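Just so you know, these numbers use all the heavy atoms, side chains as well, and skip hydrogens, waters and symmetry mates. This one's a predicted model, so the numbers in the text were calculated from it and none came from an experiment.
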Amino acid sequence: LTVTGPGGGPVRDPRELEKIRTGIALMERLLRTLPGAVNLQAAAEGLQRLVDAWLEESTDVFDDNGRENLGLLPALSRVLTAGPRLWTAVDRIGPRAFRLLLRELAAEVTPPGRHTHAAALAEAAGADTATRARTLHAYRSREILKAELDLLLTPARDWRAFSERLGALAEACLAFAVESVHADLTPRHGAPGPAALLALGKFGGEELGSGSDLEIVLVYGETGETPGPQRIGRGEYHETLARELARFWGVPEGETFALDTRLRPHGDSGPLASSRTAWEDYYAPGGAALDYERQALIRMRVVHGDGALA
């Protein structure tokens, strides 16, 4: 293989030489993985984008002694052949962030739990709602990808541990989102009284996986008006809370952790938040709930708020 610079002359720039070495190493190692790819065409396209990105950043495919980074290339190979969805996520964050995720995974003693995620979100959050939403979106996407990389790259990791990791992340992120929306509403309307965010489906059964949505229902306890400067009905407050929560959450339908509220009483035709009384009436013997809706309650659990309402 002969490589020349512009005009056919020798390449002398150390940065350009490092790029060439990096490109050759990446192509040589990663081309071997392509036959085992889930989608060969997508893997080939991903390989091209990966090499371009790594050449642009001139990252540490080699250590200080000129040896190949033994952890980086195998990880890239596994990601490249796992399928286009995972590769697209890695491609989106870029080489530097990918290396950082690998280092963090290598340093983990145990997977992070809900309290660890909650502390990280609280530390990174800003004062205003828009900043907190951006913080949540970035943290959630990064941690979902980290969980999927952990499952892919850690031999001892199984689907149960993966599901537990996703569940802890989802619960912490939802609690952060609910409290962020509350912080925007309560100065105007006052404290709304007790409420609970309930999980159902795979989320309630603690069986989340790649691509799982989050089936949730918001139930509140008190009726009447809120006590704040701009008084509104508590039902209206919680309806606004549920609507703003979906906007704050910001995950499109079909993506991992998209919110699904269709298991609420009366489904899409019902209010986004239900009072405790309306909830009990709906599921009472002779109530309007269908059989499959009653069966869904088997997996119901409280993930944030007042557990006494469940």
Side-chain angles (χ1 to χ4, degrees), residues 22 25-26 29-34 36-39 42-54 57 59-61 63 68-114 116-117 119-121 124 135-173 202-203 206-214 251 254-258:
T22 299
L26 285 168
R29 296 295 182 267
L30 299 182
L31 277 172
R32 299 175 186 172
T33 70
L34 290 184
V38 173
N39 184 321
E45 293 171 355
L47 173 62
Q48 181 176 345
R49 293 195 303 272
L50 182 149
V51 172
D52 289 343
W54 245 262
E57 287 196 8
T59 55
D60 55 354
V61 170
D63 63 21
E68 289 182 13
N69 186 322
L70 297 180
L72 183 63
L73 287 177
L76 286 172
S77 299
R78 296 291 302 278
V79 169
L80 191 65
T81 56
R85 188 186 60 79
L86 183 58
W87 166 248
T88 300
V90 171
D91 185 39
R92 187 182 302 123
I93 66 170
R96 289 189 180 92
F98 179 68
R99 295 198 325 275
L100 180 58
L101 288 182
L102 293 183
R103 287 199 292 269
E104 290 177 2
L105 284 173
E108 283 185 0
V109 178
T110 58
R114 174 172 176 168
T116 301
H117 290 306
L121 284 165
T135 297
L136 173 66
H137 297 171
Y139 184 85
R140 180 184 58 215
S141 297
R142 188 175 185 277
E143 290 299 317
I144 289 173
L145 177 56
K146 189 191 291 188
E148 293 182 332
L149 290 174
D150 182 40
L151 177 64
L152 179 69
L153 302 175
T154 306
R157 198 70 68 231
D158 59 17
W159 282 97
R160 182 63 185 171
F162 175 60
S163 181
E164 290 175 355
R165 182 171 186 144
L166 287 181
L169 174 63
E171 291 176 24
C173 288
K202 287 187 176 181
F203 187 25
E206 301 179 281
E207 297 174 346
L208 293 177
S210 297
S212 291
D213 57 17
L214 304 179
V251 178
E255 294 191 7
T256 302
F257 283 12

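Atoms OG1 and CZ, from Thr256 and Arg85 in turn, are 5.5 Å apart once rounded to the nearest 0.5 Å. Once rounded to the nearest 0.5 Å, the distance linking CG of Asp150 with CG of Leu102 reads 11.0 Å. For the atom pair Glu143 CD and Cys173 SG, the distance stands at 8.0 Å (nearest 0.5 Å). Interatomic distance, Leu166 CG to Phe257 CZ, rounded to the nearest 0.5 Å: 5.0 Å. In this structure, NZ on Lys146 lies 6.0 Å from CZ on Arg165, to the nearest 0.5 angstrom.
Scanning all heavy atoms of the two residues, the minimum distance from Phe98 to Ile93 falls at N-CD1, 3.7 Å. Scanning both residues, Leu208 and Ser163, for their nearest heavy atoms gives N-OG, 2.9 Å. Taking every heavy atom of both residues into account, Phe203 and Gly167 meet most closely at CE1-O, 4.4 Å. For the residue pair Ala168 and Gly113, the shortest heavy atom distance occurs at CB-C, 3.8 Å. Smallest separation of non-hydrogen atoms from Arg140 and Leu169: O-CD2, 4.1 Å. Nearest approach of Arg142 to Glu104, heavy atoms of both residues: NH2-OE2, 2.7 Å.
No side-chain heavy atom of Arg92 sits under 4.5 Å from any side-chain heavy atom of Ser141.
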